[in-house]
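Take a look at this one; I'll ask things after.
We count residues from 1, following the sequence as given.
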Amino acid sequence: DRDVTGVQTCALPILLAPMSLARQALPGMIERGRGAVVVVSSVAGEMATRNGTPYAATKAGLSLFANDLRRELKREPVSVMLTVLGEVDTPMLIDVRADPVMSQVAKRIGKLRALTPGQVATRMADGIEQGRHALVLPRAAAPIVGLRNIPSRLMDLAMIGVR
């Protein structure tokens, strides 16, 4: 039996740990008058696929958390950057490619090479320095993230002038 609900012991820390770490780090950043919170999510959290429910659900939650946190900190000297990653050449990628469904999906849509952890780190550092709100790697996945954020952007418009 597989638990496809996403409520697995291993899934909850993926969502809760980054939220808790941000909560603990923010007071010091605000006090210093500077800082950046980087939340790492996944393209898997932006679209539904089979055999990845717990992982995808936690990553979707982290994406929403980052976007909400950015809005909450709008008047503070702390930036929030959401980083949405596609394939990164780590041991986890071996597991994903071993899954029969995910390997077929990867063959159909994964025409790009996996990024190295070093490439990701460099691009994240550049994104922080540039003051970016979102970084999508590979860039080819950016339209997916953009479409998923339309409701939040509409809410931003509705909130103009609200304190």
Distance in Å, Leu82 CG paired with Asn149 CG, rounded so as to fall on 0.5 Å steps:
7.5 Å
Can you give me every donor-acceptor pair (side chain of residues 117-137, partner residue at least two apart or in another chain, under 3.5 Å) with its distance?
residue, atom, partner, partner atom, Å
Gln119, OE1, Thr116, N, 2.7
Gln119, OE1, Thr116, OG1, 3.4
Thr122, OG1, Gly118, O, 3.0
Arg132, NE, Ala134, O, 3.2
Arg132, NH2, Ala134, O, 3.1

With Met81 as reference, evaluate Val40, Val37, Val39, Val38 under the side-chain contact (heavy atoms from CB on, under 4.5 Å) test and give the passing residue.
Val38
For Ile144, side-chain contact (heavy atoms from CB on, under 4.5 Å) partners two or more places apart
Glu46, Met47
Sort and list the pairs that fulfil salt bridge (Lys or Arg N to Asp or Glu O under 4.0 Å) and have at least one residue in residues 51-70, not counting sequence neighbours.
none
Please tabulate, for the side chains in residues 12-25, all donor-acceptor contacts under 3.5 angstrom to protein atoms that are two or more places apart in sequence or on a different chain.
residue, atom, partner, partner atom, Å
Ser20, OG, Gln24, NE2, 3.0

For Arg71, give me all partners under side-chain contact (heavy atoms from CB on, under 4.5 Å), at least two apart in sequence or on another chain.
Asn67, Ser152, Asp156
Of all residues at least two apart in sequence or in a different chain, which pass the side-chain contact (heavy atoms from CB on, under 4.5 Å) check with Glu72?
none
Of all heavy-atom pairs linking Val43 and Ala141, the shortest is CG2-CB, 3.8 Å
Quick one: side-chain contact (heavy atoms from CB on, under 4.5 Å) partners of Ile160, sequence neighbours excluded?
Leu157
Linking I/L/V/M/F/W/Y whenever any side-chain heavy atoms sit under 4.5 Å apart, do Leu154 and Leu64 land together?
no
Membership question, hydrophobic clusters at under 4.5 Å side-chain separation (ILVMFWY): are Val84 and Val88 in the same one?
no
Kindly state each residue pair satisfying salt bridge (Lys or Arg N to Asp or Glu O under 4.0 Å) with at least one member in residues 25-36, sequence neighbours excluded.
none
Which heavy atom in Ser63 sits nearest to a heavy atom in Ser41, and how many Å separate them?
OG-OG, 2.8 Å
Which pairs pass salt bridge (Lys or Arg N to Asp or Glu O under 4.0 Å) with one or both residues in residues 10-20, sequence neighbours excluded?
none
Can you give me the closest heavy-atom contact between Gly45 and Ala60, atom names plus distance?
O-CB, 3.2 Å
